[in-house]
Chemist: 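The structure under discussion is supplied below as structure tokens; questions concerning it will follow.
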Amino acid sequence: MKLELKNVTKRYGEKTALDKFSAELSEGVYGMLGPNGAGKSTLMNLITDNIKRTSGEILYDGEEILEMGSRFRNKIGYMPQQQGMYDSLSAIDFLYYMAAIKGIKRKEAKAEIERLLRVVSLEKEAHKKIGGFSGGMRQRVLLAQAIMGKPEVLILDEPTAGLDPEERIKTRNFIKDMSENMIVILATHVVSDVETIAGNIMLIKEGRLIEMASPKELTDRVWELEGKNKDREEMNLEDVYMHYLEK
Ligand SMILES: Nc1ncnc2c1ncn2[C@@H]1O[C@H](COP(=O)(O)OP(=O)(O)OP(=O)(O)O)[C@@H](O)[C@H]1O
Ligand SMILES: [Mg+2]
């Protein structure tokens, strides 16, 4: 599994939302950190082919994803940032509906949906209407549809947005547990969402990839750059975020 982004650029008129973005991703969790407007959702929309790129290449195992078409789309799971929810559907009906959209046969869908409901701990609420769900439960239903069919590439755009701390931690743990043998890209501006679960952090600012390394490597780097004027143990990814993105 290898996802390569080569000089990926996206312009909206005069505005460059993504500027010659290059990175190589293999199995693991990638935390994409950046402030509002940095280009996180734009990058995700390009990988999922929801919008057209201006230039550059995106390759999966060496093949251009636009040429792979549905062969690539079948390998990705996506949880978008803005989502209309189907409040009048029950969790299980929503998942059957998504299975139909993804072209999964009803017979196969049954076992898969049972698995998904277990993964996100919604077995008991399966037949309740989404309209009555808490924010965390809604996010879990959306996570379930994203991992339906065991994707190789999982794209999560702010999966913990709007959740209280307890739900945030729960959701984070679900993501951690479900993310084996996949390339997971998780966008957020909340450092603690990715600090413990991401092997790699991508720092994004104004459409550019500023740094990409493990949380430890980045923290070491910033500690040195700031003249080691603090105990190393006192520093964490929050300091890295402040150093690169808030100035
Ligand atoms: N459809 C569009 N038309 C024009 N400009 C757009 C469009 N979509 C995004 N942009 C601009 O592109 C830039 C990147 O936006 P994007 O949504 O990718 O940022 P983001 O990092 O996901 O931000 P957030 O944290 O707020 O979700 C922003 O300046 C935004 O205003
Ligand atoms: Mg966004």
Side-chain angles (χ1 to χ4, degrees), residues 3-25 29-58 65-66 73 76-85 135-136 138-143 145-147 151 153-165 167-168 171-172 174-175 179 183-195 197-198 200-213 215 218 237-247:
L3 186 67
E4 281 171 278
L5 306 162
K6 290 186 174 174
N7 290 313
V8 177
T9 296
K10 174 66 186 179
R11 276 188 221 105
Y12 292 104
E14 298 279 280
K15 169 88 201 169
T16 303
L18 215 58
D19 192 9
K20 295 197 179 121
F21 195 103
S22 296
E24 205 176 297
L25 286 67
V29 179
Y30 293 79
M32 192 189 278
L33 273 176
N36 291 128
K40 304 181 295 296
S41 297
T42 300
L43 183 62
M44 295 184 148
N45 279 315
L46 290 171
I47 296 171
T48 51
D49 193 23
N50 286 319
I51 57 173
K52 296 281 160 247
R53 72 187 88 129
T54 305
S55 59
E57 292 174 80
I58 303 179
I65 62 164
L66 297 180
R73 277 195 299 277
I76 50 183
Y78 177 44
M79 178 171 166
Q81 180 170 9
Q82 246 103 46
Q83 39 239 335
M85 275 301 260
R138 282 164 177 261
Q139 298 295 78
R140 269 142 59 192
V141 178
L142 290 165
L143 273 173
Q145 68 74 30
I147 56 164
V153 182
L154 181 62
I155 296 185
L156 306 172
D157 201 349
E158 313 241 3
T160 60
L163 301 186
D164 66 29
E167 287 276 18
R168 230 168 228 285
T171 307
R172 197 192 300 159
F174 282 119
I175 294 168
S179 61
I183 298 173
V184 182
I185 310 175
L186 192 166
T188 181
H189 34 237
V190 182
V191 173
S192 59
D193 277 354
V194 287
E195 183 154 37
I197 66 167
N200 284 283
I201 302 292
M202 306 165 96
L203 297 175
I204 302 194
K205 188 180 182 179
E206 292 163 4
R208 294 199 182 89
L209 181 62
I210 306 281
E211 290 282 355
M212 176 163 133
L218 288 175
L237 201 58
E238 197 74 53
D239 299 294
V240 172
Y241 190 89
M242 302 284 272
H243 180 91
Y244 285 108
L245 301 178
E246 293 210 332
K247 63 177 187 194

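For clarity, every value in this text was computed on a predicted model and none was experimentally measured. Start at 1 and go down the list; that is how both ligands and their atoms are numbered. Both backbone and side-chain heavy atoms feed into the values below; hydrogens, waters and symmetry mates do not.
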Chemist: Give me the nearest non-hydrogen protein atom to atom 1 (N) of ligand 1 as residue plus atom name, then the distance to 0.1 Å.
Modeler: Tyr12 CE2, 3.5 Å

Chemist: Work out whether the distance between some heavy atom of Ala187 and some atom of ligand 1 is less than 4.0 Å.
Modeler: no

Chemist: Run the numbers for me: atoms of ligand 1, each under 4.0 Å from some heavy atom of Gln81, listed by number.
Modeler: 27 (O)

Chemist: For ligand 1, which atoms have a heavy atom of His189 less than 4.0 angstrom away?
Modeler: 25 (O)

Chemist: To the nearest 0.5 Å, tell me how far Leu186 CG sits from Tyr30 OH.
Modeler: 13.5 Å

Chemist: Hey, looking at atom 21 (O) of ligand 1, which of Lys15, Glu158, Lys40 has the closest heavy atom?
Modeler: Lys40

Chemist: Got a second to check how far Leu3's CG is from Ile76's CD1, nearest 0.5 Å?
Modeler: 9.5 Å

Chemist: With nothing but distance in play, are any N or O atoms of Ala38 less than 3.5 Å from an N or O of ligand 1?
Modeler: yes

Chemist: With a 4.0 Å cut-off on N to O distance, would you call Lys40 and Asp157 a salt bridge?
Modeler: no

Chemist: If hydrogens are left out, which of Asn36, Thr16, Thr42 has an atom nearest to atom 26 (O) of ligand 1, that is, the closest non-hydrogen atom?
Modeler: Asn36

Chemist: Please determine, by modelled atom types, if Thr188 and Glu158 share a side-chain donor-acceptor pair under 3.5 angstrom.
Modeler: no

Chemist: Can you tell me how far the CG atom of Asn7 sits from the CZ atom of Arg53, to the nearest 0.5 Å?
Modeler: 11.5 Å

Chemist: Which protein heavy atom lies closest to atom 12 (O) of ligand 1, and at what distance to 0.1 Å?
Modeler: Ala17 CB, 3.3 Å

Chemist: Please lay out, stage by stage, how Tyr78 and Asn45 fare under the test side-chain hydrogen bond (donor to acceptor under 3.5 Å, both in side chains).
Modeler: CA-CA 9 Å; Tyr78 177 44; Asn45 279 315; 3.1 Å; yes

Chemist: Under 4.0 Å between a side-chain nitrogen and a carboxylate oxygen: does that hold for Glu167 and Arg140?
Modeler: yes

Chemist: Given OG of Ser41 on one side and OE1 of Gln81 on the other, what angle do they make at the Mg ion (ligand 2), to 10°?
Modeler: 80°

Chemist: Between the side chains of Thr54 and Arg11, is a donor N or O closer than 3.5 angstrom to an acceptor N or O?
Modeler: no

Chemist: If you measure from CD on Gln145 to CE on Met79, what distance do you get to the nearest 0.5 Å?
Modeler: 8.0 Å

Chemist: Does ligand 1 have any atom sitting under 4.0 Å from a heavy atom of Gly39?
Modeler: yes

Chemist: Ignoring angles and geometry beyond distance, decide whether Gly37 reaches within less than 3.5 Å of ligand 1 through its nitrogen or oxygen atoms.
Modeler: yes

Chemist: With the threshold set strictly below 4.0 angstrom, can you tell me whether any protein non-hydrogen atom sits that near atom 7 (C) of ligand 1?
Modeler: yes

Chemist: Distance under 4.0 Å to a non-hydrogen atom of Ser41: what atoms of ligand 1 satisfy this?
Modeler: 17 (O), 18 (O), 20 (P), 22 (O), 27 (O)

